[in-house]
Amino acid sequence: MDLKNEINKNTLPKHIAVIMDGNGRWAKQQGLLRAFGHENGTKSVKQTVEACAELGVENLTLYAFSTENWNRPKLEVKTLMKLLVSSLKNEVKTLQDNNIKLTAIGNLNTLPKKVYSELFEVIETTKENTRMTLTLALSYGSREEIINTVKEISNKVKNNIISSENIDESIINEHLYTRNLLDVDLLIRTSGEQRISNFLLWQIAYAELYFTSVLWPDFTKQHLYEAIIEYQKRERRFGKTSEQLS
Ligand code: FPP
């Protein structure tokens with residue numbers, strides 16, 4: 001049976017974030033180079049984007065490249081950057097056809113010129129789309145994002161644009177890379193690892209965490225549906241009691 005039918009459309013997570021992990025192990029299992037794992041991972045990206053758009057999820061954020069990933073072997077970094085450029089080129093039509101807006105978060109200035117220009121071309125092309133926002137976290141690290149936020153706010157305090165007494169959650173939200181996005185409702189990590197790895201630390205304060213042993217290149221629409229069904233079984237109390245909620 002298609003698990004899609006078990007999903008309650010009225011209580012969908014508004015923002016799903018995914019730590020796409022296990023490409024390297026998937027490739028190793030097949031006796032292939034790590035690059036093939038990443039290449040096959042792009043198929044799961046496509047499936048996940050399509051499934052979220054079809055269901056009506058408003059925001060999908062994918063951890064595509066972390067600040068720490070720059071420390072990987074040069075050839076692997078190069079492969080990942082090439083894959084990004086080719087995926088952006090190949091998928092711009094899919095984004096347009098499905099009314100999906102692309103955005104990006106991270107220290108984007110550190111991306112190679114070719115990636116940066118292709119990325120911003122697609123961001124520009126899709127900026128009026130309204131069905132779903134797909135955000136790629138690229139050269140992203142949550143601690144770096146928080147440092148950047150603190151610097152921006154301190155500058156504004158120094159220049160009397162913000163008073164330090166007025167700093168609250170909304171001011172911090174407005175200065176994070178994710179300033180236009182809602183908090184994360186559901187965080188999925190594939191490959192059996194159960195950690196956050198410097199991803200959206202502020203934004204996942206009340207997210208439901210879902211870990212699956214499926215390796216990212218094997219992740220399909222059905223796996224996404226499973227995660228959403230599990231999410232819908234959870235009681236999100238936001239610090240309140242069950243009685244208060246009912
Ligand atoms: C983690 O697997 C995956 C990455 C670091 C990169 C994810 C990139 C893609 C899926 C391809 C391109 C993305 C887009 C958005 C088009 P890993 O290499 O850490 O796997 P391992 O833990 O098994 O070694």
Side-chain angles (χ1 to χ4, degrees), residues 16-53 57 59-95 98 100-108 110-112 114-123 125-126 132-142 177 187-200 211-221 223-224:
I16 298 180
V18 187
I19 303 176
M20 311 180 285
D21 197 11
N23 293 352
R25 275 163 283 168
W26 182 90
K28 200 170 175 186
Q29 277 178 8
Q30 326 267 325
L32 300 169
L33 293 171
R34 294 177 61 82
F36 288 97
H38 297 313
E39 207 175 305
N40 279 277
T42 61
K43 292 180 191 157
S44 303
V45 170
K46 193 168 175 165
Q47 292 250 330
T48 306
V49 172
E50 273 177 16
C52 285
V57 172
N59 291 284
L60 172 66
T61 301
L62 301 176
Y63 205 4
F65 195 86
S66 72
T67 43
E68 290 75 23
N69 286 154
W70 290 115
N71 300 321
R72 290 198 172 192
K74 264 200 184 119
L75 185 63
E76 184 169 345
V77 172
K78 211 170 158 189
T79 305
L80 278 166
M81 293 299 142
K82 265 194 179 165
L83 263 181
L84 273 167
V85 174
S86 60
S87 303
L88 286 165
K89 273 195 206 300
N90 295 339
E91 300 307 334
V92 63
K93 190 174 179 309
T94 317
L95 296 177
N98 289 287
I100 298 169
K101 174 163 120 180
L102 184 81
T103 62
I105 53 171
N107 193 355
L108 305 175
T110 59
L111 292 170
K114 222 171 166 189
V115 180
Y116 187 94
S117 60
E118 193 61 43
L119 179 67
F120 277 88
E121 204 176 311
V122 181
I123 288 176
T125 310
T126 61
M132 183 175 91
T133 299
L134 167 65
T135 303
L136 297 183
L138 289 168
S139 192
Y140 175 87
S142 193
Y177 294 142
L187 174 74
I188 300 172
R189 182 170 189 148
T190 58
S191 91
E193 307 294 355
Q194 301 195 3
R195 54 178 173 265
I196 305 300
S197 301
N198 203 14
F199 191 43
L200 302 173
F211 299 106
T212 169
S213 58
V214 174
L215 301 175
W216 180 249
D218 289 328
F219 193 84
T220 60
K221 289 187 181 183
H223 293 117
L224 179 85

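Keep in mind that this is a model prediction, so the values were computed, not measured. Order of listing sets the numbers, starting from 1, for every ligand and every atom in it.
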Problem - Side-chain donor-acceptor contact under 3.5 Å, Ser197 with Arg189 - result: yes
Practice task
List in chain and number order the residues that pass salt bridge (charged side-chain N to carboxylate O under 4.0 Å, His left out) with Arg25, two or more places apart in sequence or in another chain; answer none if no residue qualifies.
Solution key: Asp21, Glu193
Fill in the blank from the handout: Across all chains, not counting sequence neighbours, the ring pair (Phe, Tyr, Trp, His ring centres under 6.0 Å) partners of Trp216 are Phe219
Exercise for the section: Taking all non-hydrogen atoms of both residues into account, name the closest pair between Lys221 and Ala51 and its distance. Expected result: CG-CB, 3.7 Å
Handout entry: Results of side-chain contact (heavy atoms from CB on, under 4.5 Å) for Lys78 - residues two or more places apart only
Key = none
Exercise for the section: Using distance alone, with no hydrogens and no angle criterion, decide if His38 and Glu76 have a side-chain donor and acceptor under 3.5 Å apart. Expected result: yes
Fill in the blank from the handout: The answer, listing residues by chain and number that come under 4.0 Å of ligand 1 through any heavy atom, is Met20, Asp21, Gly22, Asn23, Gly24, Arg25, Arg34, His38, Gly41, Thr42, Ala64, Asn69, Arg72, Leu80, Ser87, Leu136, Trp216
